*Asks:* 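Before I ask anything, let me first share the structure, which is written out below as structure tokens.
Predicted model only: the values in this text are computed from it and were never measured. Values below: all heavy atoms of this structure, side chains included; hydrogens, waters and symmetry mates excluded. We number each residue from 1, following the sequence as shown.
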Amino acid sequence: MNQLSQKHQVVIIGGGFAGLNTAKALKYAPVEVTLIDKRNFHLFQPLLYQVATGTLSPADISTPLRLVLRKHQNTQVILDEVIDINPTQQQVILNDHPPVSYDTLIVATGVSHHYFGNDHWKPLAPGLKTIEDAVNMRRQIFAAFEAAEKEIDLEQQKAWLTFVIVGGGPTGVELAGAITEIANSSLKGDFRRIDPSEAKIILIEGLDRLLPPYTPDLSAKAEETLVSRGVTVMTKAMVTDIQADRVTVKVGEDVQQISAKTILWAAGVKASKMGEIIAQRTQAKLDRVGRVMVESDLSVAGYPNVFVIGDLANFMHQGDKPLPGVAPVAVQEGKYVAKLVTKRISGETPLPFVYSDAGSLAVIGQNAAVADFKFIHLS
């Protein structure tokens with residue numbers, strides 16, 4: 001790309017929905033784009049739960065970044081980890097590559113699991129953010145049925161057939177519905193000593209209803225559907241301890257222990273470490289989970305050429321709460337920043353970012369979902 005060396009240098013960190021859509025939108029822009037990611041593929045995260053429950057294979061939801069950007073002559077991909085940034089010298093510092101200079105920096109490194117100060121629970125209650133997470137979760141779910149089949153002790157057998165999911169947001173609801181289908185349909189007739197349909201799926205949510213981002217009527221419909229399919233739903237329930245074979249839950253003043261061999265985490269997220277790095281280098285403010293508080297054009301305060309987009313950004317300029325960490329937000333932010341960069345190069349002043357919300361959908365299981373399309377609620 002030496003022939004492009006005098007062009008405006010755009011560096012994008014992260015090849016998720018936000019970063020990749022920024023790169024795609026810059027295909028014909030008069031810039032040179034460098035996309036940096038630790039992984040060489042783009043992951044369609046909303047369908048991770050289907051990999052975790054055996055419906056899809058990892059290849060079905062991952063696409064090589066180089067394949068997506070093959071025809072983008074102004075774009076290169078670097079497979080490496082960003083360990084620091086230098087806003088003064090406008091450089092990105094990599095783990096195993098010389099520093100990369102930028103005119104515009106776009107950070108879109110997303111979020112990871114949040115155990116609310118209980119990181120020792122992580123190996124006992126795995127979350128779902130990567131392909132490896134999904135494959136390990138799938139192995140754990142199906143291995144539990146196999147262990148129950150050969151277990152002689154009836155109490156231990158019940159524990160193997162008990163699945164606890166912590167967190168009643170979209171991921172938790174989708175996991176609960178999918179595991180129910182595994183137990184009631186996919187494995188029907190496959191075992192001789194156990195009946196998979198006797199598996200107990202327990203969904204625990206700390207707030208007063210499932211799917212808190214959705215309207216109360218859709219939350220109620222989701223719970224009704226899950227209960228009708230055999231899921232035990234516990235709301236206003238706080239997990240206070242997790243061991244290898246049990247979960248301790250507090251509901252009001254009542255404390256109970258649930259014997260379970262399979263415990264899955266879907267309760268919260270925290271920002272990637274790039275949030276802390278940006279805060280240290282730019283004095284940007286972070287929210288309580290480490291997301292960067294951004295300006296109305298998604299830039300970092302005091303650094304108009306540094307942008308944070310996707311799940312790592314806390315955008316408080318539209319409504320009384322941050323934009324949700326969902327793919328449509330990331331996609332629109334990526335396209336907006338790409339357009340902003342192009343307009344600035346041509347001397348135009350772009351308008352602030354405005355998110356257009358087309359609604360949201362949570363899949364509960366086969367032939368079951370809730371959808372909020374703003375003008376109508378469907379279930």
*Asks:* Can you tell me how far apart NZ (Lys200) and CD1 (Ile258) are? Round to the nearest 0.5 Å.
*Replies:*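 Answer rounded to 0.5 Å: 7.5 Å.
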*Asks:* Got a donor-acceptor contact below 3.5 angstrom from the Arg209 side chain to the Pro212 backbone?
*Replies:*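 Checked: pair present.
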*Asks:* For Met293, does the CE atom have more than 12 heavy-atom neighbours from other residues, nucleotides or ligands under 6.0 Å away?
*Replies:* yes
*Asks:* Please step through side-chain contact (heavy atoms from CB on, under 4.5 Å) for the pair Ile277 and Asp84, ending with a clear verdict.
*Replies:* CA-CA 6 Å; Ile277 291 173; Asp84 204 353; 3.5 Å; yes
*Asks:* With a 3.5 Å distance limit and no angle check, can you tell me whether Gln157 reaches the backbone of Ala148 through a side-chain donor-acceptor pair?
*Replies:*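 Yes; judged by distance alone, with no hydrogens or angles, the pair exists.
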*Asks:* Between the main-chain N or O of Lys343 and the side-chain N or O of Glu348, is there a donor-acceptor pair closer than 3.5 Å?
*Replies:* no
*Asks:* Which heavy atom of Pro58 sits nearest to which heavy atom of Val135, and what is that distance?
*Replies:*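 Looking at all heavy atoms of both residues, the shortest contact is CG-CG2, 3.9 Å.
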*Asks:* Quick check against the 3.5 Å criterion: does Trp160 have a side-chain atom that pairs as donor or acceptor with the backbone of Glu146?
*Replies:*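 Pair absent, no side-chain N/O of Trp160 close to backbone of Glu146.
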*Asks:* Checking salt bridge (Lys or Arg N to Asp or Glu O under 4.0 Å) for the pair Glu198/Lys158: CA distance, chi angles, key distance, verdict?
*Replies:* CA-CA 9 Å; Glu198 293 181 356; Lys158 286 182 181 179; over 6 Å; no
*Asks:* Checking Asp195 against Lys188 for the salt bridge (Lys or Arg N to Asp or Glu O under 4.0 Å) test, could you report, in this order, the C-alpha distance in whole Å, the side-chain angles of both residues, the deciding distance, and whether it holds?
*Replies:* CA-CA 8 Å; Asp195 180 357; Lys188 187 176 182 179; over 6 Å; no
*Asks:* Please walk me through it: do Leu203 and Thr232 pass side-chain contact (heavy atoms from CB on, under 4.5 Å)?
*Replies:* CA-CA 6 Å; Leu203 181 58; Thr232 299; over 6 Å; no
*Asks:* Parallel under 30°, tilted from 30 to 60°, perpendicular over 60°: which one fits the rings of His317 and Phe315?
*Replies:* perpendicular
*Asks:* I want to check something: taking the side chain as every heavy atom from C-beta on, are Gln89 and Asn86 in contact at a cut-off of under 4.5 Å?
*Replies:*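 Gln89 vs Asn86: side chains touch.
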*Asks:* Using 0.5 Å steps for rounding, measure from the CD atom of Gln280 to the NZ atom of Lys273.
*Replies:*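 It is 11.0 Å, given to the nearest 0.5 Å.
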*Asks:* Output yes when a side-chain donor or acceptor of Glu149 lies under 3.5 Å from a complementary backbone atom of Arg192, and no otherwise.
*Replies:*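 Side chain of Glu149 to backbone of Arg192, a donor-acceptor pair under 3.5 Å: yes, one is there.
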*Asks:* Say you draw a straight line from OH of Tyr214 to NZ of Lys221; how long is it, rounded to the nearest 0.5 Å?
*Replies:* 15.5 Å
*Asks:* Identify the two heavy atoms, one from Ala52 and one from Leu175, that lie closest to each other, and give their separation to 0.1 Å.
*Replies:* CB-CD2, 4.4 Å
*Asks:* Run the numbers on Val100 and Leu94 for side-chain contact (heavy atoms from CB on, under 4.5 Å), then give the verdict.
*Replies:* CA-CA 8 Å; Val100 178; Leu94 305 183; 4.0 Å; yes
*Asks:* Grab the two heavy atoms, one from Leu26 and one from Ala338, that are nearest each other, plus how far apart they are.
*Replies:* CD2-O, 3.6 Å
*Asks:* So do the side chains of Val239 and Ile204 get within less than 4.5 Å of each other, counting heavy atoms only?
*Replies:* yes
*Asks:* Would Phe307 and Tyr336 count as a close aromatic pair, with their ring centres under 6.0 Å?
*Replies:*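 Not close enough - the centres of the two rings lie 6.0 Å or further apart.
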*Asks:* Check whether any side-chain N or O of Asp297 sits under 3.5 Å from a backbone N or O of Ser299 as a donor-acceptor pair, and report yes or no.
*Replies:*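 Answer holds: yes.
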*Asks:* Return the minimal non-hydrogen interatomic distance between Ile309 and Gly19, and the atom names on each side.
*Replies:* CD1-N, 4.5 Å
*Asks:* Under 4.5 Å between any side-chain heavy atoms of Ile242 and Thr248, yes or no?
*Replies:* no
*Asks:* Could you tell me whether the side chain of Leu124 reaches within less than 4.5 Å of the side chain of Ile263, counting heavy atoms only?
*Replies:* no
*Asks:* Can you tell me how far apart CG (Leu43) and CG (Leu48) are? Round to the nearest 0.5 Å.
*Replies:*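 Here the rounded value is 4.5 Å.
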*Asks:* Is there a donor-acceptor pair under 3.5 Å between the side chain of Tyr102 and the backbone N or O of His8?
*Replies:*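 Looks like no, no N/O pair under 3.5 Å.
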*Asks:* Testing the basics here: between Ile36 and Asp80, what is the closest heavy-atom pair and its distance to 0.1 Å?
*Replies:*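 Result for this residue pair: CG2-O, 3.8 Å.
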*Asks:* Using 0.5 Å steps for rounding, measure from the CD1 atom of Ile141 to the CG atom of Leu264.
*Replies:*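 Answer rounded to 0.5 Å: 5.5 Å.
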*Asks:* Hydrophobic cluster membership, with links at side-chain heavy-atom distances under 4.5 Å among I/L/V/M/F/W/Y: are Val231 and Val227 in one?
*Replies:*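 Hydrophobic grouping puts Val231 with Val227.
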*Asks:* Quick one about Gln9 and Glu32 (side-chain donor to acceptor, distance below 3.5 Å, no hydrogens or angles considered), yes or no?
*Replies:*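 Per modelled atom types, Glu32 and Gln9 side chains form a pair under 3.5 Å.
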*Asks:* When you measure from the side chain of Gln332 to the backbone of Ser356, do you find a donor-acceptor pair of N or O atoms at a distance under 3.5 Å?
*Replies:*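 Yes, the answer is positive, given that a donor and an acceptor are paired below the 3.5 Å cut-off.
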*Asks:* Taking all heavy atoms of Val33 and all of Ala23, pick out the closest pair and write down the distance.
*Replies:*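 Nearest pair, atom of Val33 first, then Ala23: CG1-CB, 4.4 Å.
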*Asks:* If the test is side-chain contact (heavy atoms from CB on, under 4.5 Å), which one of Lys129, Arg291, His113 qualifies with Val269?
*Replies:*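 Of Lys129, Arg291, His113, side-chain contact (heavy atoms from CB on, under 4.5 Å) with Val269 is met by Lys129 alone.
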*Asks:* Might you confirm whether atom NZ of Lys27 has over 12 heavy atoms from other residues, nucleotides or ligands at distances under 6.0 Å?
*Replies:* yes
*Asks:* Determine whether the side chains of Gln76 and Thr34 contain a donor N or O and an acceptor N or O closer than 3.5 Å.
*Replies:*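 Per modelled atom types, Gln76 and Thr34 side chains form a pair under 3.5 Å.
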*Asks:* Check Leu323, Val292, Val294, Asp287 against Asn314 for a side-chain contact (heavy atoms from CB on, under 4.5 Å) and give me the one that passes.
*Replies:*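 Only match with Asn314 under side-chain contact (heavy atoms from CB on, under 4.5 Å): Asp287.
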*Asks:* Does atom CZ (Arg193) have a neighbourhood of more than 12 heavy atoms from anything else shown, all under 6.0 Å?
*Replies:*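 Count over threshold, so yes.
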*Asks:* Take Val68 and Leu20 through the test side-chain contact (heavy atoms from CB on, under 4.5 Å) and record every step on the way to the result.
*Replies:* CA-CA 9 Å; Val68 177; Leu20 183 58; 4.0 Å; yes
*Asks:* Taking the six-membered ring for Trp, are Phe17 and His42 parallel (under 30°), tilted (30 to 60°) or perpendicular (over 60°)?
*Replies:* perpendicular
*Asks:* Compute whether any side-chain donor of one residue and acceptor of the other, for Gln156 and Lys261, lie under 3.5 angstrom apart.
*Replies:*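 There is such a pair between these side chains.
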*Asks:* Regarding Gln90 and Asn305, is there a side-chain donor-to-acceptor distance under 3.5 Å anywhere?
*Replies:*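 Side chains of Gln90 and Asn305: pair found under 3.5 Å.
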*Asks:* Are there over 12 heavy-atom neighbours, none belonging to Gln257, within less than 6.0 Å of that residue's CD?
*Replies:*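 Above 12, so yes.
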*Asks:* Working to the nearest 0.5 angstrom, can you tell me the gap between Trp121 CH2 and Asp241 CG?
*Replies:* 6.5 Å
*Asks:* Looking at side-chain heavy atoms only, is the closest gap between Pro350 and Lys339 below 4.5 Å?
*Replies:* no
*Asks:* Just by modelled atom types, is the Asp245 backbone N or O under 3.5 Å from a matching donor or acceptor in the Gln243 side chain?
*Replies:*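 Judged by distance alone, no pair lies under 3.5 Å.
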*Asks:* Please determine whether salt bridge (Lys or Arg N to Asp or Glu O under 4.0 Å) holds for the pair Arg39 and Glu81, giving the CA-CA distance in whole Å, both sets of side-chain angles, and the decisive distance to 0.1 Å.
*Replies:* CA-CA 9 Å; Arg39 303 294 181 90; Glu81 180 180 8; over 6 Å; no
*Asks:* Donor-acceptor check, side chain of Gln50 to backbone of Thr55, threshold 3.5 angstrom: yes or no?
*Replies:*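 Checked: no pair found.
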